Amino acid sequence: MTFLNNPMLTTEEVAQKLIGCLLISQHGETQTSGWIVETEAYVGVVDEACHSFEGKRTPRIESMYKEAGTLYVYQMHTHKMLNVVTRSSKEPEAVLIRAIEPYEGVSVLEDRRNKTGVQATDGPGKLTKAMAVSMADNGSVADAPPVYIDPSTRRLPERIELSSRIGIPNKGQWTDALLRYSVRGNPYVSRRKGKPADNNGWCPVLD
DNA sequence: CAGAGGATAAGCT
DNA sequence: GCTTATCCTCTGT
């Protein structure tokens, strides 16, 4: 049991704990990875922005009703979106992974995207393309290959910034709710402005 | 650097 | 048809 599949944790807690974890992708001999720097919590049947709002259940959403620690992948326009199911209080909830800071296989990530630098992984649709996430990953477990999260390999951010979720207009309190988490000052966070923080916003490594 | 608009596909009414 | 948890390009400052 890790925080990934512990149904006692709230979705907000999981979204925060995912910041700094390593997201890994293995396809054949190719391994790529990156540190999670931005997430959003979608808090289930009461959340107008959540796919399971009011208990909606269709084939597309079915993965949200599986156990905590399941990957929920869906397609939006031409892009895949990667989520981790939480089942906080048994409800169908999830965390959207919105951006990563590349770690292993940087040139592979950039080639898959045909972009270099921050543009390779600074958005939810961008990171899935860079990490080769596909609809085949929908419903699989989040702690084993080909696409998985290593909860033991974790960097600590100096500060986690809370903000409202992106792309949720006209949803009342849910438009403004502070359910987006990001590493303050990290250049890979989507839609951010200003100059990067020292050490990209991470605490110094102690050794 | 900010804002506008179009691409493009699946799900829903 | 309309909407959408996006991305990219183009325009104007």
Side-chain angles (χ1 to χ4, degrees), chain A residues 10-12 14-16 18-19 23 34 36-66 70-88 91-102 109-139 142 147 149 161-182 185-196:
Chain A
T10 68
T11 299
E12 293 93 321
V14 175
Q16 201 159 144
L18 278 169
I19 299 283
L23 176 68
I36 297 172
V37 299
E38 180 183 355
T39 60
E40 283 178 0
Y42 286 83
V43 297
V45 298
V46 299
D47 181 353
E48 290 183 51
C50 187
H51 289 168
S52 59
F53 176 57
E54 291 182 324
K56 187 165 94 162
R57 186 167 184 168
T58 67
R60 176 174 78 138
I61 309 166
E62 193 58 29
S63 291
M64 285 192 75
Y65 288 82
K66 296 180 79 171
T70 298
L71 296 182
Y72 168 42
V73 182
Y74 69 91
Q75 194 153 351
M76 152 102 184
H77 290 54
T78 54
H79 309 285
K80 298 349 180 249
M81 299 287 142
L82 177 62
N83 303 254
V84 180
V85 173
T86 58
R87 300 312 306 268
S88 175
E91 299 293 331
E93 307 189 8
V95 176
L96 170 66
I97 299 176
R98 284 191 56 91
I100 61 173
E101 176 178 334
L109 298 174
E110 293 183 339
D111 286 350
R112 287 185 183 136
R113 281 274 300 136
N114 208 21
K115 297 275 178 189
T116 58
V118 298
Q119 296 181 105
T121 56
D122 68 344
K126 301 180 190 182
L127 79 88
T128 54
K129 185 169 184 190
M131 299 285 277
V133 172
S134 72
M135 290 309 296
D137 299 306
N138 183 35
V147 174
I149 290 154
E161 187 161 297
L162 272 64
S163 53
S164 55
R165 295 173 293 184
I166 303 290
I168 318 282
N170 310 318
K171 294 239 163 49
Q173 60 167 311
W174 301 107
T175 292
D176 301 321
L178 300 178
L179 293 172
R180 177 176 177 232
Y181 304 84
S182 60
N186 186 285
Y188 294 89
V189 172
S190 68
R191 303 195 186 186
R192 80 168 266 303
K193 306 160 190 172
K195 83 175 207 281

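Note on naming: letters A, B, ... go to the chains in the order of the sequence lines (proteins, then strands), and numbering restarts at 1 for each one. Only a predicted model underlies this, so the values are computations on that prediction, with no experimental measurement involved.
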Subject >> Criterion side chain to side chain donor-acceptor pair (under 3.5 Å) on A:Ser164 and A:Asp176, from CA distance to verdict >> reply: CA-CA 5 Å; A:Ser164 55; A:Asp176 301 321; 5.5 Å; no
Interatomic spacing from [atom1] in [X] to [atom2] in [Y] - rounded to 0.5 Å:
X        : Y       : atom1 : atom2 : result
A:Ile149 : A:Ile36 : CD1   : CD1   : 4.5 Å
A:Gln16  : A:Glu12 : CD    : CD    : 9.5 Å
A:Met64  : A:Thr70 : CE    : OG1   : 11.0 Å
A:Leu96  : A:Thr39 : CG    : OG1   : 8.0 Å

Original post:
With a 4.0 Å cut-off on heavy atoms, is A:Leu96 in touch with a base, just the backbone sugar-phosphate, or nothing at all?
Top reply: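 Counting heavy atoms under 4.0 Å across all strands, the contact made by A:Leu96 includes a base.
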**OP:** Select base, sugar-phosphate, or nothing to describe what A:Lys129 touches, counting heavy atoms under 4.0 Å on all strands.
**Re:**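 Counting heavy atoms under 4.0 Å across all strands, no contact is made by A:Lys129.
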Indicate yes or no: at least one non-hydrogen side-chain atom of [X] is less than 4.5 angstrom from one of [Y].
X        : Y        : answer
A:Leu162 : A:Arg180 : no
A:Leu109 : A:Arg112 : yes
A:Asn83  : A:Ile97  : no

List, with names and distances, any nitrogen or oxygen atoms from the protein found under 3.5 Å away from nitrogen or oxygen atoms belonging to nucleotides 10-13 of chain C.
none

Original post:
Is there a side-chain polar atom (N or O) of A:Arg98 under 4.0 Å from OP1 or OP2 of C:dT6?
Top reply: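 So the side chain of A:Arg98 is within the cut-off, an N or O lying under 4.0 Å from OP1 or OP2 of C:dT6.
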**OP:** Answer yes or no: does a side-chain N or O of A:Lys126 lie under 4.0 Å from OP1 or OP2 of C:dC8?
**Re:**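 Yes, within the criterion.
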Original post:
So which one's nearest nucleotide on DNA chain C is more toward 5', A:Tyr72 or A:Arg113?
Top reply: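 It is A:Tyr72, whose closest nucleotide lies nearer the 5' terminus.
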Gap between atoms [atom1] and [atom2], on [X] and [N] respectively (whole Å):
X        : N     : atom1 : atom2 : answer
A:Lys115 : C:dT6 : NZ    : P     : 18 Å
A:Lys80  : C:dT4 : NZ    : C1'   : 16 Å
A:Gln75  : C:dT6 : CD    : P     : 14 Å
A:Arg191 : C:dC7 : CZ    : P     : 8 Å
A:Arg165 : C:dT6 : CZ    : C1'   : 16 Å
A:Gln119 : C:dT9 : CD    : C1'   : 12 Å
A:Ile168 : C:dT3 : CD1   : P     : 16 Å
A:Leu127 : C:dC7 : CG    : C1'   : 13 Å

Subject >> A:Tyr74 (side chain) and C:dA5 (base): donor-acceptor pair under 3.5 Å >> reply: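 Indeed, a donor on one side and an acceptor on the other fall under 3.5 Å apart.
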**OP:** Enumerate the residues from residues 43-66 of chain A whose closest heavy atom to DNA chain B is under 4.0 Å, giving them by residue number; use none for an empty result.
**Re:**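 Hits under 4.0 Å, by residue number: A:Lys56, A:Thr58, A:Arg60.
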Donor-acceptor list for residues 50-60 of chain A side chains, cut-off 3.5 Å, not counting sequence neighbours:
| unit_1 | atom_1 | unit_2 | atom_2 | d |
| --- | --- | --- | --- | --- |
| A:His51 | ND1 | A:Tyr72 | OH | 2.7 |
| A:Ser52 | OG | A:Pro92 | O | 2.7 |
| A:Arg57 | NE | A:Glu62 | OE1 | 3.2 |
| A:Arg57 | NE | A:Glu62 | OE2 | 3.3 |
| A:Arg57 | NH2 | A:Glu62 | OE2 | 2.7 |

Original post:
Is the charged tip of A:Arg165 near the ring of A:Tyr42: under 6.0 Å from the six-membered ring centre and within 45° of its axis?
Top reply: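 Yes, a cation-pi geometry holds between A:Arg165 and A:Tyr42.
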**OP:** Using the criterion of both pairing distances under 3.5 Å for Watson-Crick and G-U wobble pairs, give all stems of 3 or more consecutive pairs involving DNA chain B.
**Re:**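 So the stems come out as B:1-7 with C:6-12, B:9-12 with C:1-4.
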Original post:
Which heavy-atom pair separates A:Leu71 from A:Val147 by the least distance, and what is that distance?
Top reply: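 Minimum heavy-atom contact is CD1-O, 3.6 Å.
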Original post:
What are the two closest heavy atoms between A:Pro102 and A:Thr121, and how far apart are they?
Top reply: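 Shortest heavy-atom separation between A:Pro102 and A:Thr121 comes out as CD-OG1, 3.4 Å.
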Subject >> side-chain contact (heavy atoms from CB on, under 4.5 Å) involving A:Ser88 - partner list, sequence neighbours excluded >> reply: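 Here the qualifying residues are A:Thr10, A:Thr11, A:Thr86, A:Glu93.
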Original post:
Between A:Glu38 and A:Arg98, is there a salt bridge with N-O shorter than 4.0 Å?
Top reply: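 A salt bridge is present here (some side-chain N lies under 4.0 Å from a carboxylate O).
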**OP:** Would you mind building the protein contact string for nucleotides 1-7 of chain B? One character per nucleotide, 5' to 3', B for base within reach (heavy atoms under 4.0 Å), S for sugar-phosphate only, - for untouched.
**Re:** -S----B
